[in-house]
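Heads up, the thing below is written out as structure tokens.
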Protein chains: 2
Amino acid sequence: MNPEVRIAVVEDRAEFRRAIVCALNARAGWRVVAECADAAQALRNIPGAQVNIVLLDLLLPGTSGTAAIPQLKKALPKVPIIMLTVVDSPEEIVSALEAGASGYILKGGSTSELVANVEDVLAGGAIMSPAVARRVVEYFQRRQASSAPAEFGLTAREWEVLRLAARGRQHGEISMSLGIAVNTVKNHFRNIYEKLGVSSFTDAMVKLRGGRDLLDGV
Amino acid sequence: MNPEVRIAVVEDRAEFRRAIVCALNARAGWRVVAECADAAQALRNIPGAQVNIVLLDLLLPGTSGTAAIPQLKKALPKVPIIMLTVVDSPEEIVSALEAGASGYILKGGSTSELVANVEDVLAGGAIMSPAVARRVVEYFQRRQASSAPAEFGLTAREWEVLRLAARGRQHGEISMSLGIAVNTVKNHFRNIYEKLGVSSFTDAMVKLRGGRDLLDGV
DNA sequence: CTGTGAATAGCACTTGCGTGCTATGCCAAG
DNA sequence: CTTGGCATAGCACGCAAGTGCTATTCACAG
């Protein structure tokens, strides 16, 4: 029936990419017809390659994998995309699925699992490994009750700074309100970001809101 | 390590319940210690039965399985619940997961799959069969596509840009996702800010949220 | 047919944000 | 007493965000 399953692999780390490609090529009837190291290559090479399925890494140099999904989907609406990555935060997973990914697998599983997952997706299903499913479930449960504030270990002063910023104040205004230097405000943000594992104010808000975006309920 | 895995099964159709119970009891170290035909029975019998995991049907006489989840969770916060049902609508699946279910399996799979899924959940994961995962993905993608109409005189495109930013995306990522230039993204923000009478993204969020700050409800 | 508004895009520029690094004073736990 | 966490502060640098301005295309209403 299927003359051939044509696969594209997008992954920046060459050794890892090779390993995946080998595992996939080893299966009869499958062939990796496109290997790409970043999003730009992917967008250039994949549309013309007649692929049936795309394996896409999330952390790529330049454009992130998630950002590339909508464009890949626009060019190839019917080709399923599987995310294959080490990133397991609920927010990233949900973003990828919203963007159009059909599956999300964490690196670290065996190659036989990978092959089985690809089969599932080709058969019209979607796949999430148990670890990924767990993150998705966490996402739902947090958005439901936001019961556990998670208490990221922020100090009272850090919360104070955050509250003012959350009301639209900028660094200079915050420093005036609290009677401290702007540099100190910046240091508080620095420490907050580190504790939350983010690198921007907006990301911090999303994280503290349990993944609910800033327009939730508007 | 584990002296015994104690399981509860809630399912109204007796024959089906028997089949499940047999399959689970057949595994060494597992024992079904509670069989219930409806939610009321479940709430009466399960809390005292020292169970490690609950298999719960969705369609039950009287209270639905989903409605029973929060109460079971309140009595036994740490005991995972797996939904086992024929209902595969995205809304029902999402509701169950929001309510606190750790997994969702469609009836019709083999008993060996069932056993494997229970193992995954006991190991701390969450599980979704490919068919269920597919529904969840559909849910996310519809949620992203369906958009609110203009209430502040903002155009559809402007809302689209805002929503991505509200999830923590920065200008460059937004431009990639929408397939437009960064300058165009900036222009959209420019117009948004003018319409709202603000001059920063955070101010725009506060304004759109009716003055409620970004940490409201956290 | 023409005007208006939306979406697109570019360029130059300023400002604020985020980060890397260092440093001091304080206070409580060990 | 010393260690460690917290709050304080400074400086320099790169980059994202926001601003001012212009311009093209397209659809649609007048």
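Below, chains carry the letters A, B, ... as their sequence lines are ordered, and counting in each starts from 1.
Pairs engaging residues 187-204 of chain B under the salt bridge (charged side-chain N to carboxylate O under 4.0 Å, His left out) rule: B:Glu158-B:Lys195 [sequence neighbours left out]. For residues 172-191 of chain A, every residue pair satisfying the ring-ring contact (aromatic ring centres under 6.0 Å, His included) rule, not counting sequence neighbours, is listed here: A:His171-A:Phe189, A:Phe189-A:Tyr193.
Salt bridge present: B:Arg167 and A:Glu98 bring a charged side-chain N and a carboxylate O closer than 4.0 Å.
DNA chain C is contacted by both A:Gln170 and A:Asn187; A:Gln170 maps to the nucleotide lying nearer its 5′ end (nearest heavy atom per residue). Residues A:Lys186 and A:Asn191 both approach DNA chain D. Their nearest nucleotides, taken by heavy-atom distance, put A:Asn191 toward the 5′ side.
With sequence neighbours left out, the side-chain hydrogen bond (donor to acceptor under 3.5 Å, both in side chains) criterion links B:Asn52 to no other residue.
When rounded to the nearest whole Å, the span between CZ of A:Arg190 and C1' of C:dC17 equals 11 Å. Going from atom CG of A:Asp203 over to atom P of C:dG18 covers 10 Å, rounded to whole Å.
Using a 4.0 Å heavy-atom criterion, one finds that A:Phe201 contacts the sugar-phosphate atoms exclusively.
Taking a heavy-atom distance under 4.0 Å as the criterion, the stretch of DNA chain D touched by chain B extends 5' to 3' from D:dA17 to D:dC21.
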Is there a salt bridge (charged side-chain N to carboxylate O under 4.0 Å, His left out) between A:Glu92 and A:Arg135 once you walk through the steps? CA-CA 10 Å; A:Glu92 286 299 337; A:Arg135 299 282 174 255; over 6 Å; no

Got a list of side-chain donor-acceptor pairs under 3.5 Å for residues 37-50 of chain A, not counting sequence neighbours?
residue, atom, partner, partner atom, Å
A:Asp38, OD1, A:Ala40, N, 3.2
A:Asp38, OD1, A:Gln41, N, 2.8
A:Gln41, OE1, A:Ala37, N, 3.2
A:Asn45, ND2, A:Gln41, O, 3.4

Each nucleotide N or O in nucleotides 5-7 of chain C that has a protein N or O under 3.5 Å away: list the pair and distance.
residue, atom, partner, partner atom, Å
C:dA7, OP1, B:Thr155, OG1, 3.2
C:dA7, OP2, B:Thr155, OG1, 2.7

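A close approach under 4.0 Å does not occur between any side-chain nitrogen or oxygen of A:Tyr193 and OP1 or OP2 of C:dT19. The phosphate of C:dC17 has OP1 or OP2 within less than 4.0 Å of a side-chain N or O from A:His171.
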